[in-house]
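For reference, the structure is listed below as structure tokens.
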Amino acid sequence: MTIAFLTITEDIHLTVSDFRVRFAPSPTGHLHLGGARTALFNFLFARHHKGTFILRIEDTDRERSTQDSIQAIFDGLEWLSIDWDEGPFFQSKRLGMYQNTADRLLAEGKAYRCFCSPEDLELRRQEAVAKGQPPKYDGRCRTRTDNPGSPFVIRFKNPDTPEIVVSDLIRGNMRFNGNLLDDWVIIRSDGFPTYNFAVVVDDIDMKITHVIRGDDHINNTPRQITLFDALGAPLPRFAHIPMIHGADRAKLSKRHGATSVMAYRDMGYLPEALVNYIARLGWSHKDQEIFSRQELIDYFDLDKVGSSPAIFNPEKLLWLNAQYIRNAPSQDLAERVKFFLKPVNNPIDYIPPDTRPDLPRIVEEWKSRSRTLLELADAIHPFLDQEFTFSPEVLSKQLTQDNIPLLQAFLDQFEHTAEWNKPSLEHIFHQTGTRFELKLSQLAQPLRAALTGQHISPGIYDVLLLLGSRESIRRIKRAILIAGGQT
RNA sequence: GGUCCCAUCGUCUAGUGGCCCAGGACGCUGGCCUCUCACGCCGGAAACACGGGUUCGAAACCCGUUGGGACCA
């Protein structure tokens, strides 16, 4: 007890840092690969530095935010085992804070009410464009003293800074011309905050020290920086991570096929494999390709994150998944694959227990031959289904009249052997091979076909041992009947 | 169109001025292993976008060009 107590205190004392990061998705669709990677990098950074990882749902866009999307984010993060320390916080429940902050800026003369109608704004914007000027708000209401009583927005009085430097942990310094920014809206006429405003208010309130986000937000950063300044808050460190692109080099989106994290679960990917894959997209640690969760946490840091966009490569993900499947404990895989043996064709529960094959043992034989859980389930199926179907190729090439004597010979010997182990089976094969003057391959293929309905399978002895003597005999009899029935 | 970002094999990347006529991985490919198919093992093809500088020396630093991307409009 004493030792445990000491260990814990020491641990906290020595290693907990003040680093605070957040993942702040907008709930407007499924959790996609890019979002998942942003979440993962924040998570790994927090865990590596013993900091705090916060989940914040940016749901102030009332048209596009949905409850389903919020759930999708939770589901995706849970499946990937990306867990957070604080939150989830919902921006929609923090409207008072945004309003208060805006009021404060108003009182300090750093913001003002703007009564310009959308129609006027659009007109003036078009005029500016026609004159070849940048279409920015002209600051008309800055000095306004009357109050027309019509709807208004609150605008931030953009400070006159010629140059804004964004110091980025990944890209170094990025310089922006401050004169290009205008007096942007912070509170809409319906009282809702705009994106950039809510982000800054929350990042200050949550004491975020490192803003790790997609580089599609780079252009938002100068505005946010001026707001941090106006609010007298210290600047967080920024780290803009590159986007994930599709094969056409454009930002990954629906048209690139499966981009939802959950789609990969449904396709039979292991969450560990997907995490490993997206971690290696834009980040590396020497030549290592496969990382355990702990290695990811130990090795991850921002200085090893690259600055160029990465193209999503499904082939490599598939290979990684195969690696994870091959190296997973068979007992564990057997549990996971059950999800893919759909009830409608899942025979595992109605095969009598005494003849039911041992699922982990079947998985053991198949896991080096399967790249996804879906493939594994398909491969396993004939072993569980006593009435499995024969592939057309097997029917035409193996279950022929010519092969009946061979199958019959195997059947006779199997029925009369007391031993059912590899040496005894090898003995039978040897004898049969001699008698028919056939090589092992010529012996195995017809038998494989009879036993599994397929022309590929694990080693023939393994198949026989897996099925057991009774089921093997039953299957050979069935195959002989079918072969005999063919002309 | 404006602003900003990016640039090593097809793809993910190693590389922080000499260890690089560039290393690893996926994919492709030749072979070995072998009862089929995988796994595994051995080998191969395949890249520093281009042009200028800086330097004794540049994949690496600077400038430009080209190409790609993101955001805003």
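Note: hydrogens, waters and symmetry copies are ignored here, and every other heavy atom, side chains too, is used. As the structure is a prediction and not an experimental result, all values here were calculated from the model. Here is how names work: the chains are called A, B, and so on, in the same order as the sequence lines, proteins then strands, and each is numbered from 1.
- Rounded to a whole angstrom, the distance from the C1' atom of B:C20 to that of B:A38 is 37 Å.
- A:Phe197 and A:Trp184 have their aromatic ring centers separated by at least 6.0 angstrom.
- Atoms CG (A:Asp248) and P (B:G10) sit 18 Å apart, rounded to a whole Å.
- Residue A:Pro309 places its side chain closer to B:C6 than to any other of B:C26, B:C6, B:U3.
- Listed pair A:Lys397 / B:U36 fails the phosphate criterion, with no side-chain N or O lying under 4.0 Å from OP1 or OP2.
- A centroid separation of less than 6.0 Å is found between the aromatic rings of A:Phe300 and A:Phe41.
- At a cut-off of 3.5 angstrom, counting only N and O atoms as typed in the model, there is no donor on one side facing an acceptor on the other between the side-chain of A:Gln288 and the base of B:G24.
- Going from the P atom of B:C48 to that of B:A22 covers 10 Å, rounded to whole Å.
- In a base pair of the Watson-Crick type (N1 to N3 plus N6-O4 or O6-N4) or a G-U wobble (N1-O2 and O6-N3), with each distance short of 3.5 Å, B:A45 is matched with no nucleotide.
- Searching all strands for a Watson-Crick or G-U wobble partner of B:U16 with both distances below 3.5 Å returns nothing.
- Across all strands shown, B:G1 forms a Watson-Crick or G-U wobble pair with B:C72, both key distances being under 3.5 Å.
- Comparing B:A70, B:G15, B:A14 by their nearest atom to the side chain of A:Asp216 picks out B:A70.
- With both pairing distances under 3.5 Å, B:C39 is matched to nothing as a Watson-Crick or G-U wobble pair.
- Nucleotide B:A25 has B:U11 as its partner under the Watson-Crick or G-U criteria, with both atom distances under 3.5 Å.
- Aromatic ring centres of A:Phe388 and A:His381: separated by at least 6.0 Å.
- Two rings, from A:Phe410 and A:Phe429, have their centers less than 6.0 Å apart.
- A gap of 26 Å separates the C1' atoms of B:U65 and B:C72, to the nearest Å.
- Between B:C9 and B:A14, the distance separating the two P atoms is 12 Å to the nearest Å.
- Comparing the same atom, P, in B:A60 and in B:U16 gives a spacing of 13 Å after rounding to whole Å.
- Around atom CZ of A:Arg371, no more than 12 heavy atoms belonging to other residues, nucleotides or ligands sit under 6.0 Å away.
- Remark: the separation of the C1' atoms in B:G43 and B:A49 is 31 Å, to the nearest Å.
- Following rounding to the nearest Å, A:Ile278 (CD1) and B:U13 (P) show an atom-to-atom distance of 13 Å.
- When each of B:G27, B:C5, B:G40 is scored by its nearest atom to the side-chain atoms of A:Gln323, the top-ranked nucleotide is B:G40.
- Residue A:His245 contributes atom NE2, which lies 14 Å from atom C1' of B:C12 at whole-angstrom precision.
- Comparing the P positions of B:C12 and B:G51 gives a spacing of 23 Å, expressed to the nearest Å.
- Checking B:C61 for Watson-Crick or G-U wobble geometry (two distances, each under 3.5 Å) identifies B:G53 as its partner.
- Residue A:Asn219 places its side chain closer to B:C71 than to any other of B:C71, B:C37, B:C12.
- Nearest to the side-chain atoms of A:Ser308 among the listed nucleotides B:A7, B:C35, B:G15 stands B:A7.
- Residues A:Tyr269 and A:Tyr277 place their aromatic rings such that the two centres sit no closer than 6.0 Å.
- Side-chain nitrogen and oxygen atoms of A:Ser307 include at least one within less than 4.0 Å of the OP1 or OP2 phosphate oxygen of B:A7.
- The 5' end of RNA chain B is approached more closely, in terms of each residue's nearest nucleotide, by A:Ile311 than by the other of A:Ile311 and A:Gln445.
- Annotation: of the two residues near RNA chain B, A:His217 and A:Phe176, the 5′-most nearest-nucleotide partner is A:Phe176.
- Relative ring orientation between A:His30 and A:His32 is described as perpendicular, the plane-to-plane angle rising above 60° on a 0-90° scale split at 30° and 60°.
- With respect to the salt-bridge test (charged N to carboxylate O, under 4.0 angstrom), the residues A:Glu375 and A:Arg369 do not qualify.
- Between the base of B:C35 and the side chain of A:Arg448 there is a donor-acceptor pair shorter than 3.5 Å.
- At B:A14, one or more side-chain N or O atoms of A:Ser284 fall inside 4.0 Å of OP1 or OP2 (strictly under the cut-off).
- Side-chain atoms of A:Lys316 come within donor-acceptor range of the base of B:A25, with a qualifying N/O pair under 3.5 Å.
- Counting to the nearest Å, the P atom of B:C26 and the CZ atom of A:Arg280 are 11 Å from each other.
- Not a single donor-acceptor contact under 3.5 angstrom links the side-chain atoms of A:Arg326 to the base of B:C39.
- B:U34 is unpaired under the criterion used here, namely a Watson-Crick or G-U wobble arrangement in which both key atom distances are under 3.5 Å.
- Residue A:Arg249 places no side-chain N or O under 4.0 Å from the OP1 or OP2 atom of B:A70.
- With both ends at atom P, the span from B:U11 to B:C50 equals 15 Å, rounded to whole Å.
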